[in-house]
**Q** 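One structure, as structure tokens, below. Some questions next.
Residue numbers start at 1 and run along the sequence shown. Keep in mind it's a predicted model, so treat the numbers as computed, not measured.
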Amino acid sequence: MVNSNKLSKFGARATALLLAGTILSGVIGSAEAQRRQQPQRMAQPTRAAPEPVAEAAPVVPDTAPRIKTLRVEGTQRLEPETVLSYTKLRAGVPYTTESLDQAIRDVLSSDLIADVTIEGVETGNIVLRVRENPVINRVILEGNKRLKDEKITKEIKLAPRQMFTRTAVRADVARIVELYRRQGRFAATVEPKMVSLDQNRVDIVFEIREGPKSKVRQINIIGNEVFSDSKLRGEMVTKQSRITSIFSSNTSYDQDRLAYDQQKLRQFYLTEGYADFRVVSAVAELTPDKKDFIITYVVEEGPRYKFGPVTVDSDIRDFDDKALAARLPVKEGDWYNAKMVEDTVDSLSEAAGSRGYAFADVNPEFRRDREKLTMTINFNIAEAKRTYVERIDITGNTQTQDKVIRREMRLAEGDAFNTFLIKRSQDRINSLGYFQDKFEIEQKEGSSPDRVILTANVEEKSTGELTLSAGFSSLERFIFQGSIRQRNFRGKGQDLRLSADYSSYSKSVEVGFTEPYLFDQNIALGGTLFRRDYNSFNYVGSDRRTTYDQVSTGGQLVAGVPLTEYWTGSLRYSLTHDSVTLDEATFFTNGACDPLKAGRYLCEALGKRWTSAVGVSLIYDSLNSRLHPTAGQRLVVGGDFAGLGGDVKYLRARFDGDKYWNIGGGWVLSAGAEGGYIHSLEKSPGAGIDPVRLTDRFFLGEPQFRGFDIRGVGPRIERVGYTGTVAGGDQTLITDKNQIYSDAIGGRAYYLGKIELEIPLGAGAREMGIRPSIYVMAGANWGVTRPNKTAAFAQATDGSGNLLYNADGSPSLLPIQTPQYDSSGRPIYVVPSTDVTAPGALTTCSVGYSSTLGGACSGTSINTAYYVQTDPFLERFLGNSPKPRLSVGIGANWNSPFGPLRLDLAYAFLKQRGDDDKLFSFNVGTSF
């Protein structure tokens with residue numbers, strides 16, 4: 001009997017068995033790497049093994065015995081004829097031991113049979129006794145945490161109810177290992193096991209050891225002499241694994257990134273003038289523990305070149321070759337820079353496009369002089385026909401109407417092609433905020449060489465906003481917000497909004513609507529109705545003390561008309577009713593505002609008034625995006641006149657400007673300035689009273705001026721009390737800032753400037769909406785009239801009428817006694833404490849007592865007038881200076897799941913006496 005035990009043998013077992021020849025043979029290079037102790041090179045893929053040469057069938061002599069009968073036994077799912085089809089054995093054909101061995105090999109190679117034996121060799125009655133490969137019952141994955149089951153099962157071929165084969169197992173092991181390698185886990189191993197079941201079924205178990213993510217331990221560079229290793233590593237995307245880079249995803253090994261880094265090295269050297277630079281080799285070696293890679297680059301820097309003569313040869317007659325060459329940024333004698341050459345090609349292409357040549361071909365021709373080390377360049381502009389816009393196609397807009405997009409296009413069908421206007425159209429469409437970021441207008445050839453088709457392939461994004469949020473702010477404490485807005489209402493570009501805010505600092509409700517193109521004309525018209533409740537406050541220590549309440553109710557109409565491509569004129573009218581009140585229980589005495597409690601400046605601000613104002617603004621806007629600009633500028637200059645009816649008259653002027661520069665690599669530099677001045681058209685009510693009301697003045701501080709508290713910059717009144725007593729002669733001013741009352745009273749003029757640099761982060765941080773920045777800010781608020789002092793405290797005297805002084809020589813001051821009256825103006829008295837009827841009670845009776853104010857008096861007690869005592873204090877007028885305040889800080893915007901978040905850490909380097917600085921601030925749920 002011939003059997004296949006020497007070829008392959010699977011025993012039926014009830015427990016898991018190791019599949020010999022499958023575990024490591026299916027892992028590409030894995031077994032070899034485990035046996036070898038030197039690093040495994042990963043630079044080049046392993047060359048595929050040659051196909052095995054088919055084994056020739058053995059020659060059977062005619063004298064050999066012949067097969068009398070031939071049958072197959074042991075099949076369950078397969079037909080016997082199927083098994084015989086894989087062999088050369090047939091009834092009546094001669095056979096030898098070699099031909100029977102070959103038949104066994106042929107049957108086993110079919111991957112259908114697990115074991116085969118041949119009986120009846122002596123008699124010629126040949127029986128092939130086979131045991132079929134089992135059927136897979138389940139495929140089980142164990143140990144996989146980094147890759148989910150679904151991810152792996154999509155890649156492997158084995159599945160339930162399929163026939164088990166060793167080849168399929170080896171292939172699936174290789175696929176799983178490859179999945180982990182794509183994740184950078186080169187230490188991952190897969191051990192397949194088989195669990196035998198009844199009815200010739202098996203469970204296949206892949207035991208996975210994922211291992212750590214393979215990091216880049218070291219990057220070696222050989223051959224560099226001009227630039228240091230650290231400088232070149234800084235140009236690469238791949239970074240060495242260090243404690244400082246634990247949050248970086250670029251420290252893991254990636255074969256594609258290795259090739260990209262070679263390109264980055266070439267780009268760097270070419271921008272530095274090394275035109276002959278090349279990367280000789282790049283090798284990545286896996287360390288013996290399979291945890292890390294060591295990457296080694298061998299480079300040849302070559303000599304450094306300078307630009308030789310730079311010329312322009314244009315076949316387009318509209319271009320003056322010499323004039324173009326004179327304006328090129330590339331100059332003879334400068335160090336060669338490939339990036340500058342590319343930029344020059346782009347600028348020449350744009351120049352051709354701005355004159356109507358859409359498909360002008362600019363080809364730089366290089367002549368290298370290796371002896372003089374110069375690079376001569378001739379920019380050849382091939383002849384082209386002036387191009388016209390044949391058609392503008394708009395696709396992808398499922399909600400937005402075509403006209404909303406077309407009205408932002410600066411070109412129309414039939415116009416001469418112009419790259420500048422194409423770029424401007426892209427910026428205007430991007431600024432709408434309705435479509436995907438980085439939208440571009442595609443250009444393709446039209447029906448003839450002088451025609452171009454412009455395609456605006458947009459991808460709509462959500463323009464509806466529903467916000468319900470709660471948060472905590474260092475400025476407003478607890479905040480509750482709700483708003484609903486549709487920036488593209490009915491797909492017509494209309495803006496409809498409704499919002500409500502509530503905090504301990506302010507409450508507001510606002511509804512607004514804007515039509516950007518009234519009657520399809522380039523005229524914007526919008527309106528807003530609002531109600532805003534504002535509580536002004538100050539702090540005494542950590543206690544927050546509300547000063548005055550302001551309730552504003554009104555509306556505004558705004559119309560805007562474009563004057564040029566970038567300039568817009570705006571006209572507005574607003575009508576507002578303001579009511580300023582104080583808490584009567586805290587600040588009133590005898591039914592009137594008490595300056596001793598509230599301050600004269602607050603008592604003067606009380607009242608109700610109407611403000612009817614008309615304003616005009618001139619706006620310049622060339623920003624590439626209104627949401628997150630990276631280039632361009634915006635300037636707004638405007639003025640308002642209040643006095644078109646109403647109770648208030650003034651002139652107010654303001655300006656606000658910002659400029660942005662994209663300085664490359666995701667870095668965005670911006671500079672901004674704003675300021676304003678208000679002039680009253682009314683006469684001053686009296687000496688020491690500013691004609692501009694408190695609520696109409698400018699205030700400066702958080703969140704506008706980072707590094708200072710809310711209303712922390714500008715004119716203010718500080719009320720400082722005394723310690724000690726007159727009798728003790730030790731009255732001294734309080735120095736503890738937490739016990740000093742400080743009220744900002746605003747100014748008639750202000751300015752604020754800032755320079756800010758936005759810091760780029762990785763793709764993950766950008767997707768989360770995190771945008772950190774560093775900045776420096778300077779500003780001031782001033783110009784208000786010095787207020788009158790609230791009170792003058794009398795100096796104490798002794799029994800002889802001599803003035804008393806404290807030990808430090810300062811005068812001893814007496815408190816002010818203010819008599820009290822009831823609501824009808826009757827004096828209030830205090831019943832003596834010795835009285836048996838109502839000792840210490842308040843009454844309107846000068847003699848006797850009444851249980852009700854103004855009631856009939858009974859009794860004989862002699863009462864004394866009731867006074868409220870105000871201890872002496874000193875008022876200081878501070879901060880009324882145009883000298884700049886300066887702060888430097890770092891902050892971050894984050895579109896968090898809890899709403900917009902702004903964090904700032906800013907230090908005030910320059911400030912004036914009385915300014916209130918603040919090192920750290922954060923706001924959640926407020927706009928920024």
Side-chain angles (χ1 to χ4, degrees), residues 309-331 338-366 376-397 402-432 435 438-458 522 562-567 621-624 631-632:
V310 180
T311 58
V312 175
D313 182 11
S314 174
D315 294 333
I316 300 177
R317 290 178 297 176
D318 292 353
F319 286 176
D320 185 337
D321 297 352
K322 292 183 179 180
L324 281 176
R327 291 197 298 267
L328 294 181
V330 178
K331 303 297 181 183
K339 178 65 169 57
M340 192 175 293
V341 175
E342 292 179 6
D343 293 343
T344 302
V345 171
D346 291 340
S347 65
L348 289 174
S349 298
E350 289 182 3
S354 64
R355 299 194 182 186
Y357 299 95
F359 305 108
D361 183 18
V362 180
N363 181 32
E365 299 172 348
F366 299 89
T376 300
I377 303 178
N378 176 55
F379 293 96
N380 181 30
I381 307 177
E383 184 178 0
K385 291 185 177 182
R386 190 180 296 274
T387 313
Y388 297 87
V389 178
E390 177 179 342
R391 190 172 71 248
I392 298 176
D393 294 335
I394 298 175
T395 60
N397 52 319
D402 272 18
K403 68 177 183 179
V404 174
I405 303 172
R406 289 186 183 275
R407 66 196 184 194
E408 302 300 329
M409 300 289 290
R410 302 296 93 182
L411 285 170
E413 292 163 347
D415 288 352
F417 180 85
N418 189 305
T419 53
F420 173 77
L421 296 181
I422 293 291
K423 179 67 167 58
R424 180 60 181 160
S425 300
Q426 290 177 178
D427 290 345
R428 290 180 65 93
I429 294 174
N430 274 321
S431 293
L432 293 175
F435 311 112
K438 298 181 179 178
F439 158 79
E440 292 185 358
I441 297 176
E442 299 177 359
Q443 308 163 25
K444 57 183 179 181
E445 293 186 4
S447 58
S448 61
D450 62 343
R451 293 291 183 267
V452 62
I453 297 175
L454 303 181
T455 302
N457 187 12
V458 300
N522 202 356
L563 305 177
T564 67
E565 177 61 27
Y566 297 105
W567 288 98
D621 189 348
S622 64
L623 298 178
N624 62 346

**Q** Working to the nearest 0.5 angstrom, can you tell me the gap between Glu390 CD and Ile453 CD1?
**A** 5.0 Å
**Q** So which pairs with a foot in residues 341-358 pass salt bridge (Lys or Arg N to Asp or Glu O under 4.0 Å), sequence neighbours left out?
**A** Lys339-Asp343
**Q** For Lys331, is the NZ atom crowded, meaning more than 12 foreign heavy atoms sit under 6.0 Å from it?
**A** yes
**Q** Taking only residues two or more places apart in sequence, or in another chain, which ones meet Gln443 in a side-chain hydrogen bond (donor to acceptor under 3.5 Å, both in side chains)?
**A** none
**Q** Check the side chains of Thr455 and Asn457 for a donor-acceptor pair under 3.5 angstrom, ignoring hydrogens and angles.
**A** no
**Q** With sequence neighbours excluded, what pairs up with Glu440 under the side-chain hydrogen bond (donor to acceptor under 3.5 Å, both in side chains) test?
**A** none
**Q** Got Leu454 and Val389 here, is their nearest side-chain heavy-atom distance under 4.5 Å?
**A** yes
**Q** Is there a donor-acceptor pair under 3.5 Å between the side chain of Arg406 and the backbone N or O of Ile392?
**A** yes
**Q** Who passes side chain to side chain contact (heavy atoms under 4.5 Å, CB included) against Ile405, sequence neighbours left out?
**A** Ile394, Asn397, Thr400, Ile429, Phe435, Val458
**Q** Assess whether side chain to side chain contact (heavy atoms under 4.5 Å, CB included) is satisfied between Val341 and Phe366, documenting all intermediate values.
**A** CA-CA 11 Å; Val341 175; Phe366 299 89; 3.9 Å; yes
**Q** Can you list the residues that meet the side chain to side chain contact (heavy atoms under 4.5 Å, CB included) rule with Ser431, with sequence neighbours excluded?
**A** Arg626
**Q** Do Phe379 and Leu328 have side-chain heavy atoms sitting under 4.5 Å apart?
**A** yes
**Q** Measure across Leu411 and Ala416 and return the closest heavy-atom pair with its distance rounded to 0.1 Å.
**A** CD2-O, 3.5 Å
**Q** Heavy atoms only: give me the nearest Tyr388-Gly414 pair and the separation to one decimal.
**A** CD2-O, 3.9 Å
**Q** For Arg410 and Arg407, work out which heavy atoms get closest and say how close.
**A** NH2-O, 2.7 Å
**Q** Could you tell me the separation between the CZ atom of Phe319 and the CG atom of Asp313, rounded to the nearest 0.5 Å?
**A** 13.0 Å
**Q** With sequence neighbours left out, write down each residue that passes side chain to side chain contact (heavy atoms under 4.5 Å, CB included) with Pro309, or none if nothing qualifies.
**A** Glu332, Thr376
**Q** How would you list all residue pairs meeting salt bridge (Lys or Arg N to Asp or Glu O under 4.0 Å) that involve residues 414-427, not counting sequence neighbours?
**A** Lys423-Asp427, Arg424-Glu565
**Q** Does any non-hydrogen side-chain atom of Asn380 lie less than 4.5 Å from one of Asp315?
**A** yes
**Q** List the residues meeting side chain to side chain contact (heavy atoms under 4.5 Å, CB included) with Ser347, not counting sequence neighbours, and say none if there are none.
**A** Thr344
**Q** Got a second to check how far Ile441's CD1 is from Ser425's OG, nearest 0.5 Å?
**A** 5.0 Å
**Q** Going by the rule ring pair (Phe, Tyr, Trp, His ring centres under 6.0 Å), which residues pair with Tyr566 if we only count those two or more places apart in sequence or in a different chain?
**A** Tyr620
**Q** With Thr311, which residues qualify under side-chain hydrogen bond (donor to acceptor under 3.5 Å, both in side chains), at least two apart?
**A** Asn378
**Q** Looking at every non-hydrogen atom in both residues, tell me the closest pair between Asp450 and Ser448 and how far apart they are.
**A** OD1-OG, 2.5 Å
**Q** Can you name the salt bridge (charged side-chain N to carboxylate O under 4.0 Å, His left out) partners of Lys403, sequence neighbours left out?
**A** Asp520
**Q** Going from CG on Leu421 to CZ on Arg428, what distance comes out if it is rounded to the nearest 0.5 angstrom?
**A** 11.0 Å
**Q** Tell me every residue that passes side-chain hydrogen bond (donor to acceptor under 3.5 Å, both in side chains) with Arg391, counting only those two or more places apart in sequence or in another chain.
**A** Asp393
**Q** So which atom in Phe417 and which in Thr419 form the shortest heavy-atom distance, rounded to 0.1 Å?
**A** CE2-CG2, 3.4 Å
**Q** Look up atom CZ in Arg451 and atom NZ in Lys385, then write down how far apart they are to the nearest 0.5 Å.
**A** 10.0 Å
